[in-house]
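So the structure is just underneath, and the comments pick up after that.
The analysis underlying the following values was restricted to heavy atoms, covering all of them including side chains, and did not include hydrogens, waters or symmetry mates. Protein chains get the first letters and strands the later ones, always in sequence-line order, with residue 1 at the start of each.
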Amino acid sequence: MRVNVYRDIYLPLWQAHGPQGWWPLLSLADKRMMDQGRYTGYHSGCYDFPRTEEERFEICVGAILTQNTAWINVEKALRKLSESALLTPSAIFEAPHEQLSDLIRPSGYYNVKSRKLREFSSFFQRLQGHEPSREQLLSVWGVGEETADSILLYAYKKTEMVVDAYTKRILASFGLVDPGMKYQEVKTICQCDLPRDLAVYQEFHALMVAEGKNSSMA
DNA sequence: AGCCAGGCTACCG
DNA sequence: CGGTAGCATGGC
């Protein structure tokens, strides 16, 4: 019988790891835990986020900073931005490159990411609170397919599956995808077996990462 | 002490 | 088109 993504992958991972409560937010984090290198900004079992436009923007910034980067380092950068009152679109857009790149240094690629954040901040301001389309997001310099879908799924609660390196690796281990398969193809494979439900989509992606992280394969 | 992390762009053939 | 160098820090 053919592997079913929901029955054979999602449900077992849910049983193993439980609800992940993505996307993590600074406002929900315990600073003492964070100082020990443990991130605690999750909200397991609650999908009523973001609650404010500030939280929405924070998710977008995190989505850009986490490109090919461990979350622990993104968290440091986010906290620095927040402490310097630079976690708003206008502040980031107006900040000098030197200051911005210095604050986000821990998340790596700080010169490129500094530009990406400025470009995105400009875009976000122009939205005037409206929801961006996937196409609009992709038109922003520094936003690719995965980042666009992360923003749509977690910041705007759209049922768009996020496909990352872990997802491809895990689905490949089930023989569902070939290495080198395009983003959209993998996305379609995930979405066709999963109920079109926000919580399921968010948890599926988060569970992929949880599973991918603790099984240090390759 | 390497290896690698929740990618994307630019440029090459 | 597909393939790949470049970007960079910090944790394990």
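- Residue contacts for Ala165(A): at a heavy-atom cut-off of 4.0 Å it reaches the sugar-phosphate backbone alone, with no base atom in range.
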For Lys116(A) and Glu119(A), run salt bridge (Lys or Arg N to Asp or Glu O under 4.0 Å): C-alpha distance rounded to whole Å, both residues' side-chain angles, the deciding distance at 0.1 Å, then the answer.
-> CA-CA 5 Å; Lys116(A) 289 180 180 179; Glu119(A) 304 254 5; over 6 Å; no
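- When heavy atoms are screened at a 4.0 angstrom cut-off, Val74(A) is found touching no nucleic acid atom at all.
- Whole-Å rounding puts the Gln67(A) CD to dA10(B) C1' distance at 15 Å.
- With hydrogens and angles disregarded, no donor-acceptor distance shorter than 3.5 Å links the side chain of Tyr166(A) to the backbone of Glu211(A).
- Comparing Val209(A) and Val140(A) by the nucleotide of DNA chain B whose heavy atom lies nearest to each, the residue mapping closer to the 5' end is Val209(A).
- Contact annotation: Arg169(A) does not reach the phosphate of dC4(B) (side-chain N/O to OP1 or OP2, under 4.0 Å).
- Using a 4.0 Å cut-off between charged nitrogen and carboxylate oxygen, Lys157(A) and Asp48(A) count as a salt-bridge pair.
- For Lys158(A), the NZ atom counts as loosely surrounded, since its 6.0 Å shell holds 12 or fewer non-hydrogen atoms of other residues, nucleotides or ligands.
- Put simply, CG on Asn68(A) is 14 Å from C1' on dT4(C), counting in whole angstrom units.
- At a threshold of 4.5 Å between non-hydrogen side-chain atoms, the residues Leu87(A) and Leu26(A) count as touching.
- Aromatic pair Tyr201(A)/Phe204(A): centroids not less than 6.0 angstrom apart.
- Taking atom CG of Asp164(A) as the reference point, atom P of dC4(B) lies 17 Å away to the nearest angstrom.
- Protein atom CG of Leu117(A) is 13 Å distant from nucleotide atom P of dA8(C), rounded to whole Å.
- Atom-to-atom, CD of Glu119(A) to P of dG7(B) comes out at 21 Å; the value is rounded to the nearest Å.
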Could I get a table of every N or O pair under 3.5 Å where one atom is in the protein and the other is in nucleotides 9-12 of chain C?
from, atom 1, to, atom 2, distance (Å)
dT9(C), OP1, Tyr110(A), OH, 3.4
dG10(C), O4', Asn73(A), OD1, 3.2
dG10(C), O4', Asn73(A), ND2, 3.3
dG11(C), OP1, Lys76(A), NZ, 3.3

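- The environment of Glu98(A) atom CD is sparse: at most 12 non-hydrogen atoms of other residues, nucleotides or ligands sit within 6.0 angstrom.
- A donor-acceptor pair under 3.5 Å links the side-chain atoms of Ser84(A) to the main chain of Lys80(A), judged by distance alone.
- A residue-by-residue look at Trp141(A) and Ser150(A) shows that Ser150(A) has its nearest nucleotide of DNA chain B further toward the 5' end.
- Nucleotides dG2(B) and dA8(C) are separated by 15 Å at their C1' atoms, to the nearest Å.
- Here the separation of dA5(C) from dC3(B), taken at their P atoms, is 16 Å to the nearest Å.
- Counting only Watson-Crick and G-U wobble pairs whose two distances sit under 3.5 Å, DNA chain B takes part in these stems of three or more pairs: B:2-5 with C:9-12, B:7-13 with C:1-7.
- Put simply, the side chain of Ile151(A) reaches to within 4.5 Å of the side chain of Tyr156(A), judged on heavy atoms.
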